[in-house]
Amino acid sequence: MKSVLIIGAGQFGIHIAKRMAQLRCEIMAIDSNEERINTILPFVTNAQIGDSTNADFMRSLGIPDYDVCIVTISDSFQDSLETTALLKDLGAKKVISRAQNDVQEKFLLRNGADETVYPEKQTAVRLATKEALDDILDVFQLDRDLYIYEVSVPKAWCSKSIAELDIRKKHNLNIIAVRIKDQLVLPTPDMVLNADDAMLILGNMKDIQKAF
């Protein structure tokens with residue numbers, strides 16, 4: 001069971017809390033707004049009203065005891081930046097902070113964040129890619145240039161085995177799973193692809209555009 005501190009009980013923080021609760025995490029949430037704390041309370045183990053930029057208050061939470069601290073503050077970047085830096089000063093093992101633009105992302109990484117989440121950008125990239133390329137069913141960004149794409153099987157690939165297609169060599173892409181009748185299965189070299197199947201492919205955008 002992971003111990004998680006969520007700082008900021010807005011909608012983004014609530015969505016994280018709901019999912020992490022389903023995954024049986026132990027969650028502490030803090031926010032300066034009592035109404036937001038009352039909203040997130042049903043989905044967390046504990047919650048407190050407090051100022052995340054106040055060193056004494058944050059120290060009282062036992063920051064080093066949490067496996068991960070997630071800063072989801074969106075209404076004040078100054079508070080988000082100060083909170084991120086303070087968490088590291090207090091011995092946080094891992095800090096993930098929300099960014100709302102590229103500049104914020106850079107400052108957060110320079111001031112203590114181990115990772116950033118950029119939901120607006122990630123959602124925009126996902127939507128734009130799906131709608132711009134007809135064969136793309138879904139897309140998930142793993143890193144700056146690395147994505148997992150769910151794609152329909154092209155007509156030219158139907159009735160051919162994965163070994164025969166050899167897309168790793170030809171297109172610099174990797175098939176990591178195949179969706180057959182809504183069920184994901186691990187690919188094997190002799191697996192034959194059909195028109196109704198979909199593939200989860202690991203690669204970068206440039207290579208996926210060339211392949212499809």
Side-chain angles (χ1 to χ4, degrees), residues 1-127 138-144 146-148 177 184 200:
M1 181 186 295
K2 278 200 170 185
S3 180
V4 181
L5 175 62
I6 297 177
I7 303 169
Q11 286 301 312
F12 188 52
I14 289 172
H15 285 307
I16 293 172
K18 284 181 178 179
R19 182 56 180 156
M20 296 194 95
Q22 291 173 348
L23 296 171
R24 301 181 182 275
C25 293
E26 186 176 86
I27 307 164
M28 163 68 85
I30 66 170
D31 197 289
S32 59
N33 183 288
E34 183 178 0
E35 184 177 345
R36 288 198 292 258
I37 285 295
N38 289 335
T39 302
I40 202 172
L41 194 55
F43 312 109
V44 299
T45 311
N46 200 357
Q48 288 192 33
I49 302 168
D51 179 4
S52 63
T53 66
N54 184 293
D56 290 335
F57 169 68
M58 295 293 281
R59 192 175 290 110
S60 72
L61 298 174
I63 298 302
D65 296 333
Y66 294 97
D67 295 302
V68 60
C69 300
I70 306 175
V71 183
T72 68
I73 299 169
S74 60
D75 52 0
S76 171
F77 178 62
Q78 182 66 32
D79 286 353
S80 179
L81 192 62
E82 289 184 23
T83 299
T84 298
L86 182 56
L87 285 167
K88 273 300 179 181
D89 288 343
L90 294 176
K93 295 174 185 174
K94 184 176 183 180
V95 179
I96 302 173
S97 299
R98 177 181 183 174
Q100 293 180 288
N101 56 55
D102 292 341
V103 174
Q104 288 187 7
E105 186 175 33
K106 289 177 182 177
F107 273 103
L108 288 165
L109 289 170
R110 288 175 184 172
N111 287 271
D114 297 295
E115 296 177 24
T116 59
V117 287
Y118 195 162
E120 290 83 2
K121 182 178 181 179
Q122 290 157 355
T123 301
V125 169
R126 186 178 179 186
L127 176 62
D138 211 343
V139 57
F140 306 92
Q141 186 173 10
L142 300 180
D143 204 344
R144 188 170 299 275
L146 195 62
Y147 296 80
I148 293 175
L184 284 176
L200 265 64

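Hydrogens, waters and symmetry mates are skipped; everything else that's a heavy atom, side chains included, is used. Since we're looking at a predicted model, the values are computed, not measured.
Taking CD of Glu115 as the start and CD1 of Ile96 as the end, the distance is 4.5 Å to the nearest 0.5 Å. Separation of atoms CE (Met1) and CG (Leu23) is listed at 11.5 Å; rounding is to 0.5 Å. For the atom pair OG1 (Thr83) and CZ (Phe77), the distance works out to 11.0 Å, reported to the nearest 0.5 Å. Atoms CD1 and CD1, from Ile16 and Ile70 in turn, are 5.0 Å apart once rounded to the nearest 0.5 Å. Separation of atoms CD1 (Ile40) and OG1 (Thr72) is listed at 7.0 Å; rounding is to 0.5 Å. Rounded to the nearest 0.5 Å, atoms CG (Leu109) and CD (Gln104) are 11.5 Å apart.
More than 12 heavy atoms of other residues, nucleotides or ligands lie within 6.0 Å of CD in Gln22, so this atom counts as buried by the packing criterion. Few gaps surround NZ on Lys93; more than 12 heavy atoms of other groups in view lie less than 6.0 Å from it. Around the CZ atom of Phe57, the shell of radius 6.0 Å holds more than 12 heavy atoms that belong to other residues, nucleotides or ligands.
The shortest distance between side-chain heavy atoms of Ser74 and Phe12 does not fall below 4.5 Å.
Residues passing the salt bridge (charged side-chain N to carboxylate O under 4.0 Å, His left out) test with Glu26: none are found, sequence neighbours excluded. Scored by the salt bridge (charged side-chain N to carboxylate O under 4.0 Å, His left out) test, Asp114 finds Lys88 as partners (sequence neighbours excluded). Shown here are the ring-ring contact (aromatic ring centres under 6.0 Å, His included) partners of Tyr147, two or more places apart in sequence or in another chain: Tyr149. Among residues two or more places apart in sequence or in another chain, the salt bridge (charged side-chain N to carboxylate O under 4.0 Å, His left out) test is passed with Asp65 by none. Legend: residues meeting side-chain hydrogen bond (donor to acceptor under 3.5 Å, both in side chains) with Gln78, ordered by chain and number and at least two apart, are Glu82.
Between Asp56 and Asn54, the shortest heavy-atom contact is N-OD1, 3.0 Å. Among all heavy-atom pairs drawn from Asn111 and Phe107, the shortest one is ND2-O, 2.7 Å. Counting all heavy atoms, side chain and backbone alike, Val4 lies closest to Tyr66 at C-CD2, 3.7 Å. Here the closest non-hydrogen pair linking Ile37 and Ala47 is CG2-CB, 3.9 Å. The shortest non-hydrogen separation linking Thr116 to Glu105 is OG1-OE2, 3.0 Å. Closest non-hydrogen pair, Ile63 versus Met58, comes out as CG1-O, 3.4 Å.
No option in Ile7, Thr84, Val71 other than Ile7 meets the side-chain contact (heavy atoms from CB on, under 4.5 Å) test with Ser52. Residue Ile73 forms a side-chain contact (heavy atoms from CB on, under 4.5 Å) with just one option from Ser97, Ser80, Ser32, and that option is Ser80.
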Step-by-step side-chain contact (heavy atoms from CB on, under 4.5 Å) determination, Phe43 to Ile27 | CA-CA 8 Å; Phe43 312 109; Ile27 307 164; over 6 Å; no
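Each side-chain hydrogen bond (donor to acceptor under 3.5 Å, both in side chains) pair with one or both residues in residues 40-49, not counting sequence neighbours, would appear here, but there are none.
A salt bridge links Asp31 with Arg36: the closest approach of a Lys/Arg side-chain nitrogen to an acidic carboxylate oxygen falls below 4.0 angstrom.
The closest donor-acceptor contact from the side chain of Thr53 to the backbone of Asp79 lies at 3.5 Å or more, if one exists at all.
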